[in-house]
Number of protein chains: 2
Amino acid sequence: MLKEERHQFILNEVGIHNRVLLTDIANLLNVSVDTIRRDIKELHNAKQLKKVHGGAISLGFNNYNPTGKKIYSLEKKSLIAEKALGLIKEGQVILLSGGTTNLELARRLPSRMKLTCFTPSLPIAVQLLGKSNIEVIFIGGRLSQDSQIAIGGSAINMLSDIKADICFLGTNSIHATEGLTEFDWEIVQMKKAMIHSARKVVSPCISEKIGSLQRYRICGVEEIDALITELEPWDTKLDAFKNMNIQLL
Amino acid sequence: MLKEERHQFILNEVGIHNRVLLTDIANLLNVSVDTIRRDIKELHNAKQLKKVHGGAISLGFNNYNPTGKKIYSLEKKSLIAEKALGLIKEGQVILLSGGTTNLELARRLPSRMKLTCFTPSLPIAVQLLGKSNIEVIFIGGRLSQDSQIAIGGSAINMLSDIKADICFLGTNSIHATEGLTEFDWEIVQMKKAMIHSARKVVSPCISEKIGSLQRYRICGVEEIDALITELEPWDTKLDAFKNMNIQLL
DNA sequence: CAAAATACTGCAAAAATACGCATATTCTTC
DNA sequence: GAAGAATATGCGTATTTTTGCAGTATTTTG
């Protein structure tokens, strides 16, 4: 492995987690701690990150994201993505809908776990293609310009041939009694199809979206198996979902 | 093997994998490491890649530059793309295979002409999605990591439902008597299917690729309707194709 | 404060590189 | 064509870079 590659890897990790541990990287890349230490020292001198005792941290966390609001949302999505990772097991077939939360999840999929991923989302496919351990299958069809996912009969048709282990179904709105709703009719059709193409449906959803309502209905809350939010399990926002035979993470 | 060929090969590898190891390339091409070292040094000075200890890495690896892939042979490819544009008419359905030349073509598609584009190529789809006048339909399927296009039965199946007006079929090698050939078997199957999915097949091809030969055959030269190169029509390299009932641009 | 974890230093082996030079190949020029 | 120039390639050797290891110093933590 080239030194340059290690540098890229470290910077990427720092970019995602905002911090890295010396020993973790050394284990991950199968090189000695000293090597990583030297790498981090170089990157520190090049002002690409900040060296600290035991590892390194991102130096531009506040500088990179100008609006404090967005950081917050991104942090939530990171949290959700990390929780979602725990549901995935080696060798599984997973189905990823579009959305930024799922994109965060895709970025974090571990690079040593063999997986098969189906997705109709262009940005997610691009992200996943960068990982050599993941077999990516794109659900083809007409591409929607604003959501960047494939829609239409052809895509739904392709979905009908799939039975994935888990579907991560990003959603715009979730409501305890009204269920999951969407703004776009075509996307609703896609998501309905995706639900039928997986044994287990998990919905990653930041708390802002809880309780909101859109024009069209995808399904009831009882049709999904788990809801992942950034909240702690005892948060009152989740009360409405608590006796609904649905896993809350 | 010519030096230019090696340079192309190296740049291609870097383009695909973002990195190359000196020793790998030397083994692959059966030349000494010194030769490759010198090649990489030249390419480094020409700012086509970045030389590092042990190999080389892509220039745009860490800068977030999704569009500016690589500038290799760009002028030639631009010329070809411009010529290809002349074949496209308002309202047509076009089918674009993968490859950097087609990517250039996609980038140049006029933003006022209504078009429907089918493609199995991830980067091309991303490019086209930016243009609001174009309806993009992605040919889904298993994504090949190297070529970033969808391959396999599912993709070929989807192609069988299409009859486009023109197919722009990028090719790795074209030979007057041996026809179009490819390195990868799966991609050959895709391209065969694409030929059958269009009324007219046009092959954009930079002159370096003329006369070269790969492992597997896609089709004979007589099966394509036009060949677009960056050369002038009277160039002697094209002599072999001149009495073959094929349009030369 | 003491134990554990982490950092630094010097060193040696291995790998990669630079350089000079001999040989082979290609390109000119006549 | 053929001689000569220019370029490209491969090999041996000296030099530099990288990397892991061991010993010692420093920081963290309970």
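The chains referred to below are lettered A, B, ... by the order of the sequence lines, with proteins before strands, and numbering in each begins at 1.
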> So, is B:Thr35 close to the D:dT9 phosphate, meaning a side-chain N or O under 4.0 Å from OP1 or OP2?
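Answer no for this pair, as no side-chain N or O of B:Thr35 is under 4.0 Å from OP1 or OP2.
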> Kindly say whether A:Arg107 contributes a backbone atom to a donor-acceptor pair with the side chain of A:Lys131 at under 3.5 angstrom?
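Judged by distance alone, yes, a pair lies under 3.5 Å.
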> For B:Ile40 and D:dT9, what is the distance between atoms CD1 and P respectively, to the nearest whole Å?
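Spelled out: CD1 on B:Ile40 to P on D:dT9 is 14 Å.
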> Would you mind building the protein contact string for nucleotides 16-23 of chain C? One character per nucleotide, 5' to 3', B for base within reach (heavy atoms under 4.0 Å), S for sugar-phosphate only, - for untouched.
SBSB----
> Just so I know, are the side chains of B:Leu103 and B:Gln127 near enough to count as touching, which here means a heavy-atom distance under 4.5 Å?
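With C-beta onward as the side chain, the pair touches.
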> Going by heavy atoms in the side chains, are A:Gln8 and B:Ile57 under 4.5 Å from each other?
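A:Gln8 reaches B:Ile57 side chain to side chain.
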> So, the side chain of A:Lys3 versus the backbone of A:Asp39: is there a donor-acceptor pair under 3.5 Å, distance only?
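A pair under 3.5 Å: no.
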> Would you give the length of the straight line joining atom CG of B:Leu85 to atom CZ of B:Phe168, rounded to the nearest 0.5 angstrom?
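Here the interatomic distance stands at 7.5 Å.
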> Separation of A:Glu5 atom CD from D:dT19 atom P, in whole Å?
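Roughly 11 Å, once rounded to whole Å.
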> To the nearest angstrom, how far is A:Arg6 atom CZ from D:dT18 atom P?
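Distance check: A:Arg6 CZ to D:dT18 P gives 9 Å.
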> Check every strand shown and say whether B:Val33 touches a base, only sugar-phosphate, or nothing at a heavy-atom separation below 4.0 Å.
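Contact class for B:Val33: none.
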> Charged N to carboxylate O below 4.0 Å: is that the case for B:Arg19 and A:Glu4?
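Salt bridge between B:Arg19 and A:Glu4, a charged N being under 4.0 Å from a carboxylate O: no.
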> Tell me whether the rings of A:Phe138 and B:Phe138 are parallel (<30°), tilted (30 to 60°) or perpendicular (>60°).
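Tilted, since the angle between the ring planes falls between 30° and 60°.
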> Show every ring pair (Phe, Tyr, Trp, His ring centres under 6.0 Å) that has at least one partner inside residues 19-42 of chain A, sequence neighbours left out.
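As it turns out, there is no ring pair (Phe, Tyr, Trp, His ring centres under 6.0 Å) pair with a partner in residues 19-42 of chain A once direct neighbours are skipped.
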> What's the angle between the local helix axes at either end of the helix from C:dC1-D:dG30 to C:dC30-D:dG1, using five pairs per end and rounding to 10 degrees?
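Terminal axis comparison yields 50°.
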